[in-house]
Colleague: 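Have a look at the structure that comes next, please.
Every chain is numbered from 1 and lettered A, B, ... according to where its sequence line falls, protein lines coming before strand lines. A quick note: this is a predicted structure, and the numbers were derived from the prediction, not measured. Reckoned from all heavy atoms, side chains included, excluding hydrogens, waters and symmetry mates.
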2 protein chains.
Amino acid sequence: MADQLDRILAQWHAEKPGLDVSPMAVVGRLSRAASAVDARLAATFAGHGLDSSTFDVLATLLRSGPPYSLAPAALARDAMISTSAVAQRLNKLEARGLVARKANPDDGRGTLVSLTPAGRNLIEAALPDHLATEHALTGALTKKEQAQLAALLQKLTDAAG
Amino acid sequence: MADQLDRILAQWHAEKPGLDVSPMAVVGRLSRAASAVDARLAATFAGHGLDSSTFDVLATLLRSGPPYSLAPAALARDAMISTSAVAQRLNKLEARGLVARKANPDDGRGTLVSLTPAGRNLIEAALPDHLATEHALTGALTKKEQAQLAALLQKLTDAAG
DNA sequence: TATTGTTATACTCTATAACTATA
DNA sequence: TATAGTTATAGAGTATAACAATA
């Protein structure tokens, strides 16, 4: 049962028999797995009126614990995007009443972003659904396989710097 | 040596001790590995004046073998994007002289996209560099680990598909 | 001077819909 | 009528740079 990547590798073997294209099997499947998983997660998010970046912001605030409040810079670090991208995400979330911005009492330059009650309710409702989706995906693997996969992905990430 | 994902999991354990967040270890690392690998590949592409979507189009044409010519619909299927997105990528590649469009002699409605000599030269030069980058990444894993990783990713993709 | 955060702006990429031409 | 392909258009998302306020 050759999949698309097997066909791609076969094409390369035919066209470039001298090249060792074996890494493509790993890198190509990594890319496809990430896409497929993202699509499944996005479907769950959409069921709650969220997308993955919105979910990430709300989930980051939730898992930070009471008072569910962080500086924009911390959100930017966590999501690995610019602070301006965070500001623009926050504008939308604030317009929807899911987060609120307050002045940071300890630093007049700073802002603190907090979950509103509505934002808290939304992320508390979405989180179990999201976890159920993740369990459904990883459930195809044994616990041992999951641990192996996580370790191998970690090695690859380290190699990529 | 806790990484960022270990810290995230620890936060969830503290905030939601009743939830089994173990799938996040796998899904989170998948996402981070894909991002890290993409960034490394993009750096190699940039060294040849390419980005990953441009490389994909040229590489798809090359591995299709002589006469290095495909219909836009085939390129769209391969890249999993709309035909209009393909048309717009091709406009740019054609403006750079890397591909050429000709009428399909067998179907008056159709177009055939071919590598120009310049396009052929560029992808032939970029491919070994790209493979070297992929070898550098996967070289952190033994051959056996690479095979394991590919198989586990395949299982996960199937579960998501 | 450096830092925090926001906004203005421009850029890239994409999909939907409208359109042309051919089967 | 259906299919292949292109273009026009609009939307989403981002980063760079300019700006305001505070440290």
Side-chain angles (χ1 to χ4, degrees), chain A residues 31 34-36 38-39 41-43 45-46 48-58 60-61 64 69-96 98-114, chain B residues 31 34-36 38-39 41-43 45-46 48-58 60-61 64 69-96 98-114:
Chain A
S31 166
S35 295
D38 280 352
L41 300 185
F45 296 148
H48 292 271
L50 297 170
D51 58 23
S52 71
S53 40
T54 310
F55 178 90
D56 278 348
V57 170
L58 299 180
T60 302
L61 289 170
S64 74
S69 197
L70 291 171
L75 291 168
R77 259 194 311 278
D78 195 272
M80 297 191 292
I81 57 176
S82 68
T83 57
S84 104
V86 167
Q88 290 169 74
R89 285 186 188 180
L90 292 176
N91 288 344
K92 292 183 190 168
L93 286 166
E94 198 174 28
R96 291 176 62 187
L98 300 175
V99 304
R101 287 194 258 221
K102 299 175 191 170
N104 184 338
D106 298 330
D107 185 335
R109 298 168 304 181
T111 301
L112 286 178
V113 183
S114 310
Chain B
S31 166
S35 293
D38 280 353
L41 299 185
F45 295 148
H48 292 270
L50 296 170
D51 58 24
S52 71
S53 38
T54 311
F55 178 91
D56 278 349
V57 170
L58 299 180
T60 301
L61 289 170
S64 73
S69 198
L70 291 171
L75 292 167
R77 259 195 311 277
D78 195 272
M80 297 192 291
I81 58 176
S82 69
T83 58
S84 104
V86 167
Q88 289 170 75
R89 284 186 189 180
L90 293 176
N91 287 345
K92 292 183 190 167
L93 286 166
E94 199 175 29
R96 291 176 62 186
L98 300 175
V99 304
R101 286 193 258 221
K102 299 174 189 170
N104 183 338
D106 299 330
D107 185 334
R109 299 169 302 183
T111 302
L112 287 177
V113 183
S114 311

Colleague: Listed by chain and number, what are the side-chain contact (heavy atoms from CB on, under 4.5 Å) partners of A:Ala36, not counting sequence neighbours?
Modeller: B:Thr157, B:Ala160

Colleague: Please list, in numerical order, the residues of residues 84-91 of chain A that have a heavy atom closer than 4.0 Å to any atom of DNA chain D.
Modeller: A:Ser84, A:Ala85, A:Gln88, A:Arg89

Colleague: Return the set of residues passing side-chain hydrogen bond (donor to acceptor under 3.5 Å, both in side chains) with A:Thr111 (not counting sequence neighbours), or none when no residue passes.
Modeller: none

Colleague: Could you tell me from which nucleotide to which nucleotide of DNA chain C, 5' to 3', there is an atom under 4.0 Å from chain A heavy atoms?
Modeller: C:dT3 to C:dA8

Colleague: Which residues in residues 99-109 of chain B have a heavy atom closer than 4.0 Å to any atom of DNA chain C?
Modeller: B:Asp107, B:Gly108, B:Arg109

Colleague: Going by side-chain contact (heavy atoms from CB on, under 4.5 Å), name the residues that satisfy it together with B:Ser35, two or more places apart in sequence or in a different chain.
Modeller: none

Colleague: Mind checking B:Thr111 for me? I need base, sugar-phosphate or nothing, with any heavy atom below 4.0 Å counting as a touch.
Modeller: sugar-phosphate

Colleague: Apply side-chain hydrogen bond (donor to acceptor under 3.5 Å, both in side chains) to A:Asn104 and list each qualifying residue two or more places apart in sequence or on a separate chain.
Modeller: none

Colleague: When the nearest nucleotide of DNA chain C is assigned to B:Ser82 and to A:Ala74 on a heavy-atom basis, which residue is associated with the more 5' position?
Modeller: A:Ala74

Colleague: Which pairs, with at least one residue in residues 72-84 of chain A and sequence neighbours excluded, count as a salt bridge (charged side-chain N to carboxylate O under 4.0 Å, His left out)?
Modeller: A:Arg63-A:Asp78

Colleague: Mapping B:Ala73 and A:Ile81 to their closest nucleotides on DNA chain D, which lands nearer the 5' end?
Modeller: B:Ala73

Colleague: What pairs with B:Ser31 under side-chain hydrogen bond (donor to acceptor under 3.5 Å, both in side chains), at least two apart in sequence or on another chain?
Modeller: none

Colleague: I need the full list of salt bridge (charged side-chain N to carboxylate O under 4.0 Å, His left out) pairs touching residues 105-114 of chain A, with sequence neighbours left out, sorted by first then second residue.
Modeller: A:Asp107-A:Arg109

Colleague: Would you say A:Thr83 and A:Pro72 make side-chain contact, with heavy atoms under 4.5 Å?
Modeller: no

Colleague: Could you tell me how far apart A:Asp51 (CG) and D:dA12 (C1') are, to the nearest whole angstrom?
Modeller: 10 Å

Colleague: Check whether any side-chain heavy atom of A:Arg101 sits under 4.5 Å from a side-chain heavy atom of A:Asn91, and report yes or no.
Modeller: yes

Colleague: Is A:Lys92 near enough to D:dG13 that one of its side-chain N or O atoms lies under 4.0 angstrom from OP1 or OP2?
Modeller: yes

Colleague: Who passes side-chain contact (heavy atoms from CB on, under 4.5 Å) against B:Ser53, sequence neighbours left out?
Modeller: B:Asp51, B:Arg89

Colleague: The criterion is side-chain contact (heavy atoms from CB on, under 4.5 Å); which residues satisfy it with A:Asp38, sequence neighbours excluded?
Modeller: none

